[in-house]
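Notes follow once the structure below has been shown.
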There are 2 protein chains.
Amino acid sequence: MDYASILANITRHISLTKEEEDFFVSILNPRKLKQGEFAEKAGEVTTGFIQVASGCLMTYFTDKEGNDQVIQFSTAGWWTGDLHSLTKQEPSIYSTRALADSEILLLPKIRLEELLERYPKFERFFRIMFQNSLVTHQARLIEAFSLPAEERYNKFQKRYPQLEQYVPLKYIASYLGITPEFLSKIRRKRSN
Amino acid sequence: MDYASILANITRHISLTKEEEDFFVSILNPRKLKQGEFAEKAGEVTTGFIQVASGCLMTYFTDKEGNDQVIQFSTAGWWTGDLHSLTKQEPSIYSTRALADSEILLLPKIRLEELLERYPKFERFFRIMFQNSLVTHQARLIEAFSLPAEERYNKFQKRYPQLEQYVPLKYIASYLGITPEFLSKIRRKRSN
DNA sequence: GAATGATCTTGAACTAGATTAAGAAATCAG
DNA sequence: CTGATTTCTTAATCTAGTTCAAGATCATTC
């Protein structure tokens, strides 16, 4: 497991002493997932916050009709999970599944709380992380409403060029808020 | 200005000493806005983070065709502003305008940084606030993609029953991601 | 209180994207 | 390698929501 790059992601926002680094690494719970396996299942209470070390995962919501709505793809360096379930300890509405063989680091809820209490500077780290994520989510919401599907697909490809190699098109369609059939139409139209 | 309820909002998440309370209040910059006035204009660099004390504001994005896309309504107790412009000090893409005569408290960027440095527990406060906001934004994104406009309108009314008295329908339509004409159709259909 | 401007509604024509159904291509298991 | 399953594409039909244009209602100002 490559902890150096994981720590580098954190020290972009806050500086850590050796002691803090060691403690942080010590509370991470490494797990390997084969393609298709779940890191977390809807209906169960989330046990921790997930940091992706390698591979690719997706987090999605399944509605009553059984339609999956992808809300995030996560590759190395990304955090994922259901924050609501994590804080409130209610059953999660999201599932997180490996799209390729992956390694994840689970930060269990109790350990996360311990971390924040012992080294409050991690509050700052997560504050910055959530703040940035919020900015991204606001932008996505605006795009969802004001851009046609084709332009959303363009932006998606520019923003995450490496993802299309891992992710089946039907999940990209779902992320974009359209059907696989319509994504197919966009791709054909574009290749002419 | 009613600082008690503003402080109450904060002490729901972190506890404050008298000194911390006083300092926090001392850095807030009260401003009165008449209906229609701007708290913040797209294209200008955001000067601070906005807390609403009374009235009602909306934050919206204007695209190249000049269409407004409302992303948030804020009433007493809510924070608003452009987080990206605030942190990066780049021109804001959002405008924030009063929908009714309102009072706001501006927390200037430098003072915010001073607050976080002097009393790091406010990192925790904002971490929790952004985390909750993120949960809400994820849910909105899912709703935007998976629920028809009529149900989104239902949810909106249940969630913010007090808003319809302040907010012109065309802005509610924009918030829901539909045209005013279509919202009108939904309302007529419903009243039959 | 008339006039002006903004907001809201209505209806007709249109379009982006959904749905259904089927076949083609790719992936996987034994 | 072969059958089975999943993914991707194509085409026809349909619908939720848009656009355009006009009139009705409401608010604001002088």
Side-chain angles (χ1 to χ4, degrees), chain A residues 33-38 56 58 60 62-70 73 97-101 141-157 163-192, chain B residues 34-37 56 58 60 62-70 73 97-101 141-157 163-192:
Chain A
L33 295 175
K34 290 242 158 80
Q35 182 181 347
E37 285 181 346
F38 286 86
C56 183
M58 73 171 186
Y60 61 97
T62 308
D63 66 20
K64 321 116 206 164
E65 285 97 41
N67 303 312
D68 292 346
Q69 172 64 53
V70 175
F73 299 112
R97 227 174 62 195
L99 290 169
D101 293 356
L141 203 54
I142 288 173
E143 287 173 16
F145 285 140
S146 64
L147 293 184
E150 183 166 2
E151 288 183 47
R152 297 202 308 269
Y153 183 42
N154 292 341
K155 291 218 172 197
F156 173 80
Q157 288 188 308
L163 270 184
E164 230 158 342
Q165 89 194 66
Y166 289 119
V167 182
L169 288 171
K170 61 174 190 167
Y171 297 132
I172 295 179
S174 169
Y175 178 90
L176 295 173
I178 58 178
T179 57
E181 291 88 342
F182 192 63
L183 178 56
S184 206
K185 228 178 260 186
I186 290 173
R187 286 160 57 80
R188 174 171 37 133
K189 185 187 151 205
R190 221 165 36 164
S191 68
N192 293 347
Chain B
K34 290 242 159 78
Q35 180 180 350
E37 285 181 345
C56 181
M58 72 172 185
Y60 60 98
T62 308
D63 67 20
K64 320 114 206 167
E65 286 97 41
N67 303 312
D68 292 346
Q69 172 63 54
V70 176
F73 299 111
R97 229 174 60 196
L99 290 169
D101 293 356
L141 204 54
I142 288 173
E143 286 173 14
F145 285 140
S146 64
L147 292 184
E150 183 166 3
E151 288 183 47
R152 298 203 304 272
Y153 183 42
N154 291 342
K155 290 218 171 196
F156 172 81
Q157 289 188 308
L163 271 183
E164 230 159 342
Q165 90 196 65
Y166 288 119
V167 182
L169 289 171
K170 61 173 188 165
Y171 298 131
I172 295 179
S174 168
Y175 178 89
L176 296 173
I178 57 177
T179 57
E181 292 90 340
F182 192 61
L183 178 56
S184 204
K185 235 174 254 186
I186 290 173
R187 288 160 56 80
R188 175 171 37 134
K189 184 188 152 204
R190 221 164 38 162
S191 69
N192 292 349

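Within every chain, numbering begins at 1; the chains are lettered A, B, ... in the order of the sequence lines, protein sequences first and strands thereafter. Here the structure is a predicted model, which is why all the values come from computation and not from measurement.
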query = Taking DNA chain D as the partner, which of residues 171-179 of chain B come within under 4.0 angstrom of it by heavy atom?
reply = B:Gly177, B:Ile178, B:Thr179
task = For B:Asp68 and C:dA6, give me the distance from atom CG to atom P, rounded to whole Å.
result = 14 Å
d(CZ, A:Arg188; P, C:dG17) in whole Å = 15 Å
Extract from the structure each pairing of a protein N or O with an N or O of nucleotides 21-28 of chain D at less than 3.5 Å, listing the distance.
none

task = State whether A:Arg187 places a side-chain N or O below 4.0 Å from either non-bridging phosphate oxygen (OP1 or OP2) of D:dC8.
result = no
ask   = Separation of A:Leu169 atom CG from D:dT10 atom C1', in whole Å?
value = 15 Å
query = From the list C:dT7, D:dA16, D:dT9, which nucleotide is the closest neighbour of the side chain of B:Pro168?
reply = C:dT7
key: Gap between atom CG of B:Leu176 and atom CZ of B:Phe182 - 0.5 Å precision   = 11.0 Å
remark   = Angle separating the five-pair end axes of the helix from C:dG1-D:dC30 to C:dG30-D:dC1, nearest 10°, is 50°
query = Within this structure, what is the CZ-to-C1' distance between B:Phe182 and D:dT18, rounded to whole angstrom?
reply = 9 Å
ask   = What closest approach, in Å, do A:Tyr171 and A:Val70 show between heavy atoms, and which atom pair accounts for it?
value = O-CG2, 3.8 Å
task = May I have the distance from B:Glu65 (atom CD) to D:dC20 (atom P), rounded to whole angstrom?
result = 12 Å
key: A:Leu183 CG to C:dA16 P, straight-line distance once rounded to whole Å   = 16 Å
query = B:Cys56 and B:Leu163: which non-hydrogen atoms are nearest, and at how many Å?
reply = SG-CD2, 3.8 Å
ask   = Looking only at heavy atoms, which two atoms of B:Lys170 and B:Pro180 are closest? And how far apart?
value = CB-CG, 4.0 Å
request  = Determine the sole option in A:Leu183, A:Ile178, A:Leu147 for which the side chain to side chain contact (heavy atoms under 4.5 Å, CB included) test with A:Tyr153 is passed.
outcome  = A:Leu183
task = May I have the distance from A:Lys189 (atom NZ) to C:dT15 (atom P), rounded to whole angstrom?
result = 13 Å
message = Using side-chain heavy atoms (C-beta onward) and a distance below 4.5 Å, is B:Leu99 in contact with B:Pro168?
response = yes
query = To the nearest angstrom, how far is A:Lys185 atom NZ from D:dA11 atom P?
reply = 10 Å
